[in-house]
Amino acid sequence: MDSIQSLDFFTEISPEIFIDQIMKLHARISKLESPRNSEEVNNLLGNLAKLCSLLPSTTDIKDFPEEVLNIRESLNNFASQAEGILEVESSTLISLKPKPLDSVTEYPYYANYVRIARMESKILKENGMENAKKVAFVGSGAMPLSSILMATHHMKSTHFDNFDIDENANEVARRIVASDAALEKRMKFETQDIMEVKEKLGQYDCIILAALVGLNRKSKVKILGHIRMYMKEGGFLVVRSAKGARTFIYPSVEDGDLVNFELLTTFQPTHALVHSVLLRKKTKA
Ligand SMILES: C[S@@+](CC[C@H](N)C(=O)[O-])C[C@H]1O[C@@H](n2cnc3c(N)ncnc32)[C@H](O)[C@@H]1O
């Protein structure tokens, strides 16, 4: 294949085709002037997601050539910037509707968030976190769908403190949630770099870290170490990670990166476009 091939007719591709196509896609993405929301950026983001969904989740990418594995960090950066901009733009439009919460189903990745919120709530319950009183969601974004779906479908008495470094994103998120007074009482939005939040982290029964907080493994490990330092003993930590081809979109966190936590469970999806989720418990100070 000498160009980025339309993948619409494929249900699965070989590692060889994946490598050929991801290198070509990365070359195109590297030439972008900006990750700003445009038809070209959306097409490239869609191609990246589609390509990663076609490589069987059983494929062990560790054997891929170094030059292929080395493009992951720049693709993670692209995905984070492009998704972040897309999130603010589409959420801003939704937030201007008369009842924004009724329109969140229009959000491009809504179905994915329904899947992940259901799965994360299920593994929390299965591991004894039946009714968390207070949850911190770190990296909630302009469209805080994860905490909205958890609060309205799965954890109906839990209070969510949503932390995001971007005040613009929080402003949009507050507007979306304000259309439901009861929900608004349980959903607060704080503009903070999570690395600046300290003792307060000890208040939460559960802390959830969004996939795009920490854009490479090193910065994720630093954030995880910070959260662990301040979270309470017995507190639960939910870390969204990635496996296989999905690490070309999101940074991955390995079991060994979570030091001094009790392993409760690790969820590995069969659907390539769903996060992996690591559930851990802080056992001792
Ligand atoms: C794109 S959103 C994804 C979350 C998604 N809306 C959800 O409901 O799961 C990721 C967010 O993390 C925020 N973020 C990145 N680094 C952060 C940090 N160090 N502290 C707090 N928020 C951060 C970004 O501003 C961005 O809004």
Side-chain angles (χ1 to χ4, degrees), residues 35-37 41 45 49 76-92 94-95 100-101 104-121 135-155 158 160-177 183 187-198 200-201 204 206-227 229-230 238-242 246 249-251 253 273-277:
R36 292 216 65 73
N37 197 3
V41 167
L45 196 57
N76 291 173
N77 273 311
F78 163 70
S80 165
Q81 288 172 32
E83 266 192 40
I85 291 167
L86 179 74
E87 179 159 342
V88 171
E89 293 194 0
S90 50
S91 314
T92 301
I94 290 174
S95 73
L101 275 174
V104 294
T105 50
E106 295 164 20
Y107 186 66
Y109 302 115
Y110 180 77
N112 261 6
Y113 281 111
V114 170
R115 212 178 266 134
I116 194 150
R118 185 185 313 126
M119 183 265 295
E120 286 174 345
S121 306
V135 169
F137 190 91
V138 180
S140 42
M143 179 51 79
L145 263 179
S146 297
S147 28
I148 288 172
L149 289 164
M150 284 182 153
T152 50
H153 290 66
H154 307 288
M155 301 160 86
T158 301
F160 286 79
D161 279 350
N162 298 280
F163 293 90
D164 201 292
I165 201 167
D166 178 351
E167 172 54 21
N168 183 24
N170 280 335
E171 250 173 53
V172 173
R174 288 187 196 102
R175 270 207 307 271
I176 290 172
V177 166
L183 178 63
M187 291 275 282
K188 295 301 167 214
F189 296 89
E190 296 207 22
T191 303
Q192 291 252 27
D193 176 344
I194 196 60
M195 295 301 282
E196 305 302 320
V197 183
K198 299 185 171 148
K200 191 175 172 75
L201 289 173
Y204 300 103
C206 178
I207 297 175
I208 303 173
L209 186 66
L212 289 172
V213 177
L215 283 181
N216 54 47
R217 198 165 151 200
K218 194 160 158 264
S219 59
K220 264 205 188 287
V221 170
K222 192 166 162 235
I223 290 168
L224 288 167
H226 169 79
I227 290 175
M229 193 185 308
Y230 292 100
V238 175
V239 181
R240 288 177 180 178
S241 179
R246 194 166 166 75
I249 305 175
Y250 294 110
V253 173
L273 281 191
V274 174
H275 296 296
S276 307
V277 174

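Both counts, for ligands and for their atoms, begin at 1 and track the order of listing. One-based numbering along the sequence shown.
With hydrogens and angles disregarded, no donor-acceptor distance shorter than 3.5 Å links the side chain of Lys198 to the backbone of Met229. Checked by atom type and distance alone, the side chain of His153 never pairs as donor or acceptor with a backbone atom of Arg118 at under 3.5 Å. Under a 3.5 Å cut-off, the side chain of Asp164 and the backbone N or O of Thr191 do not form any donor-acceptor pair.
Residues Val277 and Met119 meet the side-chain proximity criterion, which asks for heavy atoms closer than 4.5 Å.
Around ligand 1 you find Glu87, Tyr113, Phe137, Gly139, Ser140, Gly141, Met143, Pro144, Leu145, Ser146, Asp164, Ile165, Asp166, Gln192, Asp193, Ile194, Leu212, Val213, Arg240, each with a heavy-atom distance below 4.0 Å.
Taking CD1 from Ile227 and CD1 from Ile194, the interatomic distance works out to 5.5 Å, rounded to the nearest 0.5 Å.
Under 3.5 Å, the side chains of Ser219 and Asn216 contain a donor-acceptor pair of N or O atoms.
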